[in-house]
**Student:** 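Have a look at the structure that comes next, please.
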Amino acid sequence: MELYPLSFRPIIKDKIWGGHRLNTLLGKDFGLLSNGGESWEISGVEGDISVVTNGALAGKSLNEIITTFGAELMGQSVMDEYGCEFPLLIKFIDANDNLSVQVHPNNEMAQALHGCNGKTEMWYVMASDKGGNLISGFSKKIDSAQYNTLVNDGRFLDVLNTVPVKTGDVFFIPSGHIHGIGKGVMVAEIQQTSDITYRVFDYNRVDSNGKGRELHIEKASRALDFNDIDTGKIGYQLTNDSCTKLIDCKYFNTGIIKISNAIQRDYTSIDSFVILMCVEGGVTINETYTLDFGQTLLIPACMNGVKITPRMESKLLEVYIP
């Protein structure tokens with residue numbers, strides 16, 4: 001069987017801070033859930049493995065097709081590095097309320113404490129209400145003693161960067177970087193395969209039983225880079241009908257394609273699968289596969305490239321393993 005561009009069934013996560021735009025703007029089916037906070041588009045996280053929805057492989061799990069096709073799907077260098085573990089978790093996130101202020105551990109800490117990868121990630125802002133913002137990085141350098149004092153006194157937000165955002169803004173969030181998505185902001189998120197998060201502050205929210213979510217003050221202290229005062233915002237200049245590089249780190253390479261006319265993307269030099277996320281408009285891939293706003297396709301490593309034909313002016317995130 002020849003591999004082809006693969007789409008997957010979104011895995012919707014009900015979150016206390018979630019809203020409805022994943023449904024109303026991106027067309028995700030919530031089922032019986034009330035607050036869709038996250039749509040996991042491609043996931044190899046245990047217990048939340050993505051399932052193919054199109055073509056001859058429909059109904060097969062991501063793990064099954066990795067086992068069957070190996071390097072044809074993943075790329076030999078990706079298999080050499082990660083084995084049969086899919087190395088990225090691809091999401092859309094809708095913050096109807098502020099997300100917790102949080103940090104992710106690096107690989108070494110996560111492996112030691114949880115037996116899994118740490119988490120470096122990036123955000124592309126897909127929509128933002130007027131006055132929308134993110135928390136990203138410290139506003140000044142502090143130490144662990146100051147951290148504990150600020151947290152205990154309820155003043156931790158006083159030393160964090162609050163950054164106004166608009167559609168198209170890009171942020172790089174390495175492990176150790178303090179961060180939080182603000183109310184009214186929707187993002188596309190690309191991250192290492194990991195679901196480890198240490199919450200430092202959760203806006204004193206409680207559930208229907210009056211219970212607050214667990215905080216991870218001590219673990220966060222060990223994970224945090226207290227010298228990180230960078231907002232992580234990435235500047236870029238788009239060129240029409242080409243790919244502009246956004247992020248190039250050891251875990252993923254991400255570019256953005258602005259497209260008004262049909263183009264051919266050549267992947268012969270990339271020994272990796274490629275993920276395309278439509279963040280504006282809508283396109284057709286290889287004159288067969290549709291990719292609309294808020295949808296995601298996985299291009300197998302064995303495909304040497306794709307033809308992308310826009311149905312309107314469109315933007316795609318293009319992601320692969322370097």
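Since the structure is predicted, the reported quantities are computational estimates derived from the model, not experimental observations.
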**Student:** Please give me the minimum heavy-atom distance between Ser50 and Phe8, naming the atom from each residue.
**Tutor:** CB-CD2, 3.6 Å

**Student:** Under the side-chain contact (heavy atoms from CB on, under 4.5 Å) criterion, do Leu62 and Val51 qualify, and how do the steps go?
**Tutor:** CA-CA 6 Å; Leu62 179 59; Val51 174; over 6 Å; no

**Student:** Please determine if Lys141 and Asp228 form a salt bridge, counting it only when a charged side-chain N lies under 4.0 Å from a carboxylate O.
**Tutor:**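 Result for this pair is no, no salt bridge flagged.
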
**Student:** Trp40 ring centre to Lys13 NZ or CZ under 6.0 Å, with the angle to the axis within 45°?
**Tutor:** yes

**Student:** With rounding to the nearest 0.5 angstrom, report the CE to OG distance, Met186 to Ser39.
**Tutor:**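 Interatomic distance, Met186 CE to Ser39 OG, rounded to 0.5 Å: 10.5 Å.
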
**Student:** Report yes if some heavy atom in the side chain of Pro300 is under 4.5 Å from a heavy atom in the side chain of Met74; otherwise report no.
**Tutor:** no

**Student:** With distance as the sole criterion, is a donor-acceptor pair present between the side chains of Glu318 and Tyr267 under 3.5 Å?
**Tutor:**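 Indeed, the side chains of Glu318 and Tyr267 share at least one donor-acceptor pair under 3.5 Å.
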
**Student:** According to the interplanar angle, ranging from 0 to 90°, do the rings of His20 and Phe30 count as parallel (below 30°), tilted (30 to 60°) or perpendicular (above 60°)?
**Tutor:** parallel

**Student:** Does the pair Lys28 and Glu41 meet the rule for a salt bridge (charged side-chain N to carboxylate O under 4.0 Å, His left out), with working shown?
**Tutor:** CA-CA 10 Å; Lys28 309 298 178 183; Glu41 297 290 293; 3.0 Å; yes

**Student:** Would you say the side-chain atoms of Tyr82 pair up with the backbone N or O of Ser77, donor to acceptor, closer than 3.5 Å?
**Tutor:**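 Checking the backbone N and O of Ser77 against the side chain of Tyr82, no donor-acceptor pair under 3.5 Å is found.
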
**Student:** Compare every heavy atom of Asp29 with every heavy atom of Gly31, then report the nearest pair and how far apart it is.
**Tutor:**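 Smallest interatomic distance, heavy atoms only, reads N-OD1, 2.9 Å.
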
**Student:** I would like to know whether Leu238 and Ile256 meet side-chain contact (heavy atoms from CB on, under 4.5 Å); could you show each step before the answer?
**Tutor:** CA-CA 8 Å; Leu238 288 173; Ile256 183 167; 3.4 Å; yes

**Student:** Can you tell me if Asp271 and Tyr320 form a side-chain donor-acceptor pair at under 3.5 Å?
**Tutor:**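 Judged by distance alone, the side chains do not pair up.
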
**Student:** What is the distance from atom CH2 of Trp17 to atom CG of Asn96, rounded to the nearest 0.5 Å?
**Tutor:** 10.0 Å

**Student:** Kindly compute the distance separating CG (Leu298) from CG (Leu3), expressed to the nearest 0.5 Å.
**Tutor:** 9.0 Å

**Student:** Counting only heavy atoms not in Arg9 (residues, nucleotides, ligands), do more than 12 fall under 6.0 Å from its CZ?
**Tutor:** no

**Student:** Would you name the heavy atoms of Phe293 and Val279 that are closest together and state the gap between them?
**Tutor:**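 Reported closest heavy-atom pair: CE1-O, 3.1 Å.
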
**Student:** So if you build clusters from Ile, Leu, Val, Met, Phe, Trp, Tyr with side-chain heavy-atom gaps below 4.5 Å, do Leu317 and Ile181 land together?
**Tutor:**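 Looking at the clustering, Ile181 is in a separate group from Leu317.
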
**Student:** Check for me, please, whether Val319 and Ile270 land in the same ILVMFWY cluster - side-chain distances under 4.5 Å, paths through other members count.
**Tutor:**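 Yes, one cluster joins them.
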
**Student:** When clusters are formed by joining ILVMFWY residues with side-chain heavy atoms under 4.5 Å apart, either directly or through shared neighbours, do Ile66 and Leu6 land in the same one?
**Tutor:**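 Same hydrophobic cluster.
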
**Student:** Please give me the minimum heavy-atom distance between Phe86 and Gly44, naming the atom from each residue.
**Tutor:**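 Taking Phe86 first and Gly44 second, the nearest heavy atoms are CB-CA, 4.4 Å.
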
**Student:** Do Tyr124 and Phe171 have their ring centres less than 6.0 Å from each other?
**Tutor:**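 No, too far apart.
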
**Student:** Check side-chain contact (heavy atoms from CB on, under 4.5 Å) between Asp129 and all other residues, then give those that pass, not counting sequence neighbours.
**Tutor:** Arg21

**Student:** Give a yes-or-no answer on whether the side chains of Thr268 and Asp266 include a donor-acceptor pair shorter than 3.5 Å.
**Tutor:** yes

**Student:** For Thr231 and Ser136, test the side chains for any donor-to-acceptor distance below 3.5 angstrom and give the result as yes or no.
**Tutor:**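 Their side chains do not contain a donor-acceptor pair, so the 3.5 Å distance test is not met.
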
**Student:** By side-chain contact (heavy atoms from CB on, under 4.5 Å), which residues pair with Asp241, not counting sequence neighbours?
**Tutor:**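 In terms of side-chain contact (heavy atoms from CB on, under 4.5 Å), with neighbours along the sequence ignored, Asp241 is linked to Ile259, Ser260, Asn261, Ile263.
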
**Student:** I need the minimum non-hydrogen distance between Gly36 and Ile12, along with the two atoms involved.
**Tutor:**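 Answer, listing the atom of Gly36 first, then Ile12: CA-CG2, 4.1 Å.
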
**Student:** Check whether any side-chain N or O of Ser61 sits under 3.5 Å from a backbone N or O of Glu64 as a donor-acceptor pair, and report yes or no.
**Tutor:** yes

**Student:** Can you measure from CG (Leu157) to OG1 (Thr162) and round to the nearest 0.5 angstrom?
**Tutor:** 7.0 Å

**Student:** How many angstroms lie between atom CD1 of Ile308 and atom OG1 of Thr284, to the nearest 0.5 angstrom?
**Tutor:**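 Here the interatomic distance stands at 10.5 Å.
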
**Student:** With a 6.0 Å cut-off (strictly less than), is the heavy-atom count around CD of Glu287, excluding the residue itself, greater than 12?
**Tutor:** no

**Student:** Go through the steps to decide whether Asp169 and Lys166 satisfy the test salt bridge (charged side-chain N to carboxylate O under 4.0 Å, His left out), and finish with yes or no.
**Tutor:** CA-CA 6 Å; Asp169 284 348; Lys166 63 183 184 305; 3.1 Å; yes

**Student:** Checking the side chain of Asn98 only, and the main-chain atoms of Lys183 only, is there a donor and an acceptor separated by less than 3.5 Å?
**Tutor:** yes

**Student:** Quick one: do Asp202 and Arg199 make a salt bridge, cutoff under 4.0 Å?
**Tutor:** no

**Student:** Do His177 and His104 have ring centroids that are under 6.0 Å from one another?
**Tutor:** no

**Student:** Would you compute the distance between atom CD1 of Ile173 and atom CG of Leu134 and round it to the nearest 0.5 angstrom?
**Tutor:**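 It is 7.5 Å, given to the nearest 0.5 Å.
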
**Student:** So Tyr147 and Phe156, would you call those rings parallel, tilted or perpendicular, with 30° and 60° as cut-offs?
**Tutor:** perpendicular

**Student:** Under 3.5 Å, is there a donor-acceptor pair linking the side chains of Gln192 and Ser194?
**Tutor:** no

**Student:** Quick check: does any side chain N or O of Asn35 sit under 3.5 Å from a backbone N or O of Gly19, one acting as donor and the other as acceptor?
**Tutor:**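 Pair absent, no side-chain N/O of Asn35 close to backbone of Gly19.
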
